[in-house]
Amino acid sequence: MQNFASEISAALLLILKGDAELWAIVLLSLRVSLLAVLISAMIGMPLGAALAVGRFRGRRAVIVLLNALMGLPPVVVGLLVYLMLSRSGPLGVLQLLYTPTAMIIAQVVLVTPIVAALTRQVVEMLAEEYSEQLRSLGVSCLASVPVLLWDARLALVTALLAGFGRAIAEVGAVIIVGGNINHVTRVMTTTIALETSKGNLALALALGAILIGIAVAVNALVSLLSLRAEQEGLSHA
Amino acid sequence: MRDLTADTMGTLEARGLLIGHNGSTLLDVPRLLLDGPGPTLILGPNGAGKSLLLRCLHGLIVPEAGRVLQDGHNLGPIQKARQAMVFQRPVLLRRTVTANLDFVLRRRRLNRPARRVRIEELLHEGGLAAKARQSARSLSGGEAQRLAILRALATEPEVLFLDEPTSALDPAATQAIEKMILRASSRGVRIVMVTHDIGQARRLAADVVMMQGGHVVEHGPADEVLQNPRSEAARRYLAGGLLI
Ligand SMILES: Nc1ncnc2c1ncn2[C@@H]1O[C@H](COP(=O)(O)OP(=O)(O)OP(=O)(O)O)[C@@H](O)[C@H]1O
Ligand SMILES: [Mg+2]
């Protein structure tokens with residue numbers, strides 16, 4: 001018990017005195033996951049919106065696929081991205097394996113289906129409500145996409161936050177494609193896994209606390225947004 | 001400012017309109033010509049096909065047979081752009097009151113200063129100046145309905161369709177909306193409006209269209225149709241209306 005208490009105080013000390021290694025890891029985590037979410041947003045939101053308003057063959061199949069991909073096990077994603085990027089893989093010449101870029105790619109694969117599927121849901125609901133009015137105003141199907149995305153903005157930010165939450169807390173994919181290399185690809189989750197197994201609980205605990213803090217902050221932001229949406233009558237209910 | 005005694009624009013004509021569903025006829029209008037000055041009010045019981053007729057005239061539904069002509073031209077993109085519609089339940093964008101109007105003005109490619117001036121005029125016209133920055137979704141029913149009408153007017157339509165715009169409103173809100181409609185009408189906008197309020201038809205209508213079971217059972221000058229309806233259906237509807 002004594003030991004545990006001293007680990008906690010050591011962890012607190014690490015956080016409070018601004019330990020350089022600790023913060024380098026935190027910053028890399030944030031950089032990787034934020035970039036991944038940004039890229040996922042650029043792919044997933046137009047894709048989701050297209051699925052919501054477009055009427056083309058195979059649309060239903062894509063939706064089912066997207067919903068299935070939402071629950072993709074991160075280790076499997078890690079494995080697939082590893083195979084793509086490994087020296088003998090199709091993208092091997094790019095030499096991206098064990099770099100932050102590889103981790104971003106893996107997280108993009110994980111987060112994009114979430115963003116696309118949630119965008120599809122929200123935009124489809126809104127499109128149903130808006131469709132006649134927009135047609136009446138002469139807005140074409142294609143031109144209605146930015147209108148719908150903008151008017152669904154609060155729900156979409158919530159979807160992005162959900163994607164960010166999944167990305168930053170994920171360990172299985174980034175450890176496979178990143179390799180958990182010190183000062184290069186070591187992020188919060190992979191460091192926690194490694195340091196815990198090494199018995200260096202202080203660093204693991206400090207990172208764990210920060211990770212929880214980020215999760216709480218993201219969730220607080222989500223509920224704040226939905227509260228605002230309700231107050232402004234912007235919610236979809 | 002347009003001439004206040006301007007001629008009503010946009011002659012509308014429906015020919016041989018037919019809409020069915022699972023073998024039953026929802027709308028069957030061999031001919032309907034709206035070319036007189038002043039508002040046209042459409043009356044008839046629930047399910048008579050009033051909203052369906054408006055959607056057809058506005059090109060939101062393509063009928064199985066027949067066509068709609070505006071100023072003698074088939075309803076195409078150009079004609080539709082000269083029409084606007086206020087729906088039975090107003091659909092407002094999840095933006096501020098101002099942004100809802102700005103949306104339409106932007107589409108008309110007005111520049112910034114012109115948009116600002118027009119928005120101010122419209123807000124003043126609809127008595128919504130104090131609500132300019134408020135989220136449109138938080139407006140009351142009457143305010144929302146007024147904003148929907150303002151947004152429709154912002155498209156500078158020649159024909160304005162209104163589907164029961166005052167059915168859920170108190171007398172003051174109803175009066176405010178009727179004034180807006182009459183102002184638009186006096187500027188030459190053709191008004192085609194559905195109502196269940198016979199008093200409202202008396203107050204606004206130049207001509208009245210009576211519908212029942214998907215058919216136009218009577219169309220004529222307001223006082224004639226409302227005072228001495230020729231058809232049995234119209235007589236019954238008006239009598240029932242008076243009892244309520
Ligand atoms: N998309 C549709 N599919 C099947 N039936 C429809 C459809 N739209 C309308 N109808 C039917 O057509 C009939 C006329 O509908 P419409 O909405 O025009 O009535 P209305 O005269 O506007 O009635 P209310 O006064 O209640 O608004 C109704 O019986 C309705 O059920
Ligand atoms: Mg109706």
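Of the atoms belonging to Phe103(B), it is side-chain heavy atoms, and not backbone ones, that fall under 4.5 Å from chain A. Within the 4.5 angstrom heavy-atom criterion, only side-chain atoms of Val104(B), from C-beta onward, approach chain A. With a threshold of 4.5 angstrom between heavy atoms, Leu139(B) does not approach chain A through any atom at all.
If you take CG on Leu134(A) and CG on Leu93(B), they are separated by 6.5 Å, rounding to the nearest 0.5 Å. The distance from the CZ atom of Phe161(B) to the OG atom of Ser136(A) is 9.0 Å, given to the nearest 0.5 Å. Once rounded to the nearest 0.5 Å, the distance linking CG of Leu137(A) with NZ of Lys80(B) reads 13.0 Å.
Of residues 69-79 of chain A, no residue lies under 4.5 Å from chain B by any heavy-atom pair.
For the residue pair Gln133(A) and Arg151(B), a side-chain donor N or O sits within less than 3.5 Å of a side-chain acceptor on the partner.
For Asp197(B), the salt bridge (charged side-chain N to carboxylate O under 4.0 Å, His left out) partners at least two apart in sequence or on another chain are Arg203(B). Residues passing the side-chain contact (heavy atoms from CB on, under 4.5 Å) test with Ala176(B), sequence neighbours excluded: Arg146(B).
Between Tyr130(A) and Leu92(B), the shortest heavy-atom contact is OH-O, 3.6 Å. What you find for Gly138(A) and Arg107(B) is that their closest heavy atoms are O-NH2, 2.8 Å.
Other residues, nucleotides and ligands contribute more than 12 heavy atoms inside 6.0 Å of the CZ atom of Arg59(A). No more than 12 heavy-atom neighbours from other residues, nucleotides or ligands sit within 6.0 angstrom of CD1 on Ile78(B). Counting heavy-atom neighbours within 6.0 Å of Arg116(B) CZ, excluding the residue itself, gives a total of 12 or less. Around the CD atom of Gln88(B), the shell of radius 6.0 Å holds more than 12 heavy atoms that belong to other residues, nucleotides or ligands. Atom CZ of Arg57(A) is surrounded by 12 or fewer heavy atoms from other residues, nucleotides or ligands within 6.0 Å.
A salt bridge links Glu129(A) and Arg94(B); the closest N-O separation between the charged side-chain nitrogens and carboxylate oxygens is under 4.0 Å.
Sequence neighbours left out, the pairs with a member in residues 43-66 of chain B that pass salt bridge (Lys or Arg N to Asp or Glu O under 4.0 Å) are Glu132(A)-Arg55(B).
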